[in-house]
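Inspection log for the structure reproduced underneath, given as C-alpha cells.
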Amino acid sequence: MVTVPQTYMGHLCGLCGNYNGQRNDDFQLSSGQLAPDATAFGSAWKTTDTPCDDTCPKDECPTCPEEKVAVLQRPNYCGLLMAPEGPFGSCHRMIDPIPYSQSCIHDLCMMGGDTHVLCQNIQSYVTMCQHAGVTVGAWRTPSFCHPCKSLHCRPKERCRPHGAQSRCVPALVATCWAWGDPHFRTFDGLDFDFQGTCTYTMAESHGNDPGLVVPFRVEAKNDIRGGIQSVSYVSLVNVDVYGQRISFRRNEVGKVRVNGEVTLLPVLLADGKVRVRPSGLRVALETDFGLRISYDWNWHLLIDLPSSYFRHVRGLCGNFNLKPLNDIPEAEHVTT
C-alpha cells in the first residue's frame with residue numbers, strides 16, 4: 001500500500017495511476033498517451049534494472065480447472081462479490097465487481113484456496129467502494145475473514161479489523177492530572193494532595209511485556225510561588241520518548257525545549273512519531289502510540305494514556321490497574 005499527500009495530486013505516474021481525481025485515464029503511459037488495456041499498461045511500466053517476461057504462451061499459462069472455478073464462484077467464496085443481494089450489491093453500479101471476482105478466483109486457485117488471499121481480494125473491492133463513497137454491508141463474520149480470531153491482544157485491548165489484517169487497539173484511555181497547589185488524580189481516579197518542590201515521576205512505562213515497544217517517562221517539577229512555602233505549582237514538564245527529551249516550562253508560551261534547545265511550535269520529532277503543537281491556550285504532545293500530554297505553561301498538567309499500558313505504568317499517576325485504592329505513590333518516584 002502506498003499513501004501520498006494531496007500535494008502530489010496531478011504529479012504522479014506509474015502503475016498507481018496519475019492521481020488527478022479521474023479513474024478513466026489511469027492507464028496513462030510516460031508519453032502521456034493511454035494504454036489500450038491493463039496488460040499493455042503494466043508492461044509499459046516495467047523497470048529496466050530487472051529482466052522480466054510479461055508474456056506467457058497460452059498453452060503454458062497456469063489455469064484453474066473448471067470444477068474449481070465453479071466452487072470459487074459460490075457466495076461463500078469469491079462469488080460474494082457478485083451477489084446482487086449481498087453486502088456489496090449497493091456498490092455494483094459504481095464499481096464493476098467482475099474484474100475483482102475474476103482476480104479473486106484466479107488468485108485463490110493459484111494459492112491453493114488460501115483464505116487470507118480471499119479476504120485480501122474482497123477487501124480490495126471494499127476499499128474501492130468506500131473511496132467511491134459507497135457504504136457496503138457487513139461482510140466479516142467470526143467464521144469468515146475475521147482476522148481477530150488469531151490475534152491475542154493484551155488486557156484492556158480490543159481487536160479491530162484493519163484492511164485484510166487486524167490490530168489491537170486500546171479499549172479505553174485514562175487521564176492523570178496535576179493542578180493547583182498541587183492536587184493530583186491518578187489514572188485510576190484516586191484524588192490526593194501532595195506538597196513538594198522537587199522533580200517527580202508522574203508516569204513511566206515498566207515491565208517486561210514484549211508488546212510495549214515504546215518506553216516513555218513523564219516528569220513534573222514543582223516550584224514555590226508567592227512566597228508561601230506550603231504551596232507549590234507545576235512549573236516544568238519533561239517527556240522522555242523515542243530518545244528525545246521534550247520540555248515545557250512555565251511562561252514559555254508558544255515554545256518547547258527539545259534536548260535543551262528552545263524551539264518554536266509546532267514540532268515533529270522521531271520521523272513524525274511525536275507531534276508537539278499549540279492547542280488553544282495549552283501545548284499538546286501526542287505520540288503515535290496514544291500518549292498525550294497537555295500543559296498550560298502555568299500550573300495545569302494532563303496526561304492521557306491508552307489502556308495498552310494497563311498495569312505497565314508507575315509513578316504519581318498510579319499503576320493503572322483500575323483499582324484506585326492501591327495507587328498511593330511511593331517515595332522512590334522522587335527523581336531530584
Side-chain angles (χ1 to χ4, degrees), residues 156-157 169-194 196 198-207 209 212 214-223 232-242 244-250 252 256-258 265-267 269-270 273-324 326-330 332-336:
K156 303 305 175 184
E157 286 186 335
V169 299
L172 60 96
V173 174
T175 301
C176 169
W177 68 63
W179 63 280
D181 56 347
H183 309 292
F184 295 88
R185 170 170 286 188
T186 68
F187 291 126
D188 295 331
L190 175 68
D191 293 313
F192 67 95
D193 296 334
F194 171 71
C198 299
T199 300
Y200 303 92
T201 300
M202 293 297 298
E204 68 177 1
S205 57
H206 81 102
D209 187 340
L212 294 178
V214 185
F216 74 91
R217 181 185 181 94
V218 182
E219 299 176 349
K221 185 178 188 303
N222 294 339
D223 279 340
S232 61
Y233 298 83
V234 176
S235 61
L236 169 66
V237 179
N238 293 321
V239 183
D240 296 315
V241 65
Y242 285 121
Q244 307 285 328
R245 165 155 283 205
I246 303 105
S247 302
F248 312 125
R249 292 177 180 268
R250 178 175 177 262
E252 288 190 349
V256 61
R257 298 195 181 206
V258 180
L265 298 175
V267 175
L269 301 169
K273 295 176 183 177
V274 180
R275 182 175 66 167
V276 188
R277 60 181 177 82
S279 177
L281 298 178
R282 307 175 67 87
V283 58
L285 179 151
E286 299 171 337
T287 71
D288 62 337
F289 59 88
L291 173 67
R292 186 177 190 273
I293 293 103
S294 173
Y295 180 57
D296 67 348
W297 287 296
N298 188 15
W299 57 273
H300 193 198
L301 169 66
L302 293 173
I303 303 173
D304 293 330
L305 187 66
S307 55
S308 301
Y309 286 85
F310 182 70
R311 294 178 180 170
H312 288 280
V313 66
R314 62 188 177 186
L316 294 187
C317 285
N319 53 21
F320 196 5
N321 66 352
L322 301 183
K323 298 177 181 179
N326 62 7
D327 271 347
I328 299 299
E330 302 174 5
E332 65 189 49
H333 299 310
V334 177
T335 60
T336 59

Just how far is it from atom [atom1] of [X] to atom [atom2] of [Y], taken to the nearest 0.5 Å?
X	Y	atom1	atom2	answer
Leu305	Phe289	CG	CZ	8.0 Å
Asp188	Lys323	CG	NZ	10.0 Å
Leu322	Arg311	CG	CZ	8.0 Å
Ser308	Leu291	OG	CG	11.5 Å
Asn298	Arg249	CG	CZ	15.5 Å
Tyr200	Lys221	OH	NZ	9.0 Å

Who pairs with His300 by side chain to side chain donor-acceptor pair (under 3.5 Å), at least two apart in sequence or on another chain?
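In terms of side chain to side chain donor-acceptor pair (under 3.5 Å), with neighbours along the sequence ignored, His300 is linked to Arg282.
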Passing candidate, side chain to side chain contact (heavy atoms under 4.5 Å, CB included) with Ile246, options Val237, Val267, Val218, Val276
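Going through Val237, Val267, Val218, Val276 one by one, the side chain to side chain contact (heavy atoms under 4.5 Å, CB included) with Ile246 is satisfied by Val276 alone.
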When you compare the side chain of Arg245 with that of Glu219, does any pair of heavy atoms fall below 4.5 Å?
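They are in side-chain contact.
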Using atom types as modelled and distance alone, determine if a side-chain donor or acceptor of [X] lies under 3.5 Å from a backbone N or O of [Y].
X	Y	result
His312	His206	yes
Thr201	Gly315	no
Ser307	Ala171	yes
Trp299	Trp179	no
Thr186	Asp327	no
Tyr295	Val234	yes

Would you check if the distance from the ring center of Tyr309 to the ring center of Phe187 is below 6.0 Å?
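No, the ring of Tyr309 stays outside the 6.0 Å limit from the ring of Phe187, centre to centre.
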Go through the steps to decide whether Met202 and Leu301 satisfy the test side chain to side chain contact (heavy atoms under 4.5 Å, CB included), and finish with yes or no.
CA-CA 10 Å; Met202 293 297 298; Leu301 169 66; 4.2 Å; yes
Would you check, one step at a time, whether the test side chain to side chain contact (heavy atoms under 4.5 Å, CB included) holds for Phe216 with Val214?
CA-CA 6 Å; Phe216 74 91; Val214 185; 5.5 Å; no
Least distance between heavy atoms, [X] atom then [Y] atom:
X	Y	result
Ala284	Arg292	CB-NH2, 3.5 Å
Pro306	Gly290	CD-O, 3.4 Å
Asn238	Ser247	OD1-OG, 2.6 Å

Would you sort out whether Ser279 and Glu286 count as a side chain to side chain contact (heavy atoms under 4.5 Å, CB included), showing the intermediate values?
CA-CA 11 Å; Ser279 177; Glu286 299 171 337; over 6 Å; no
Is the ring pair Phe192/Phe184 parallel, tilted or perpendicular, if the boundaries are 30 and 60 degrees?
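The arrangement is parallel - the two ring planes meet at less than 30°.
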Does the pair Leu265 and Arg277 meet the rule for a side chain to side chain contact (heavy atoms under 4.5 Å, CB included), with working shown?
CA-CA 6 Å; Leu265 298 175; Arg277 60 181 177 82; 5.8 Å; no
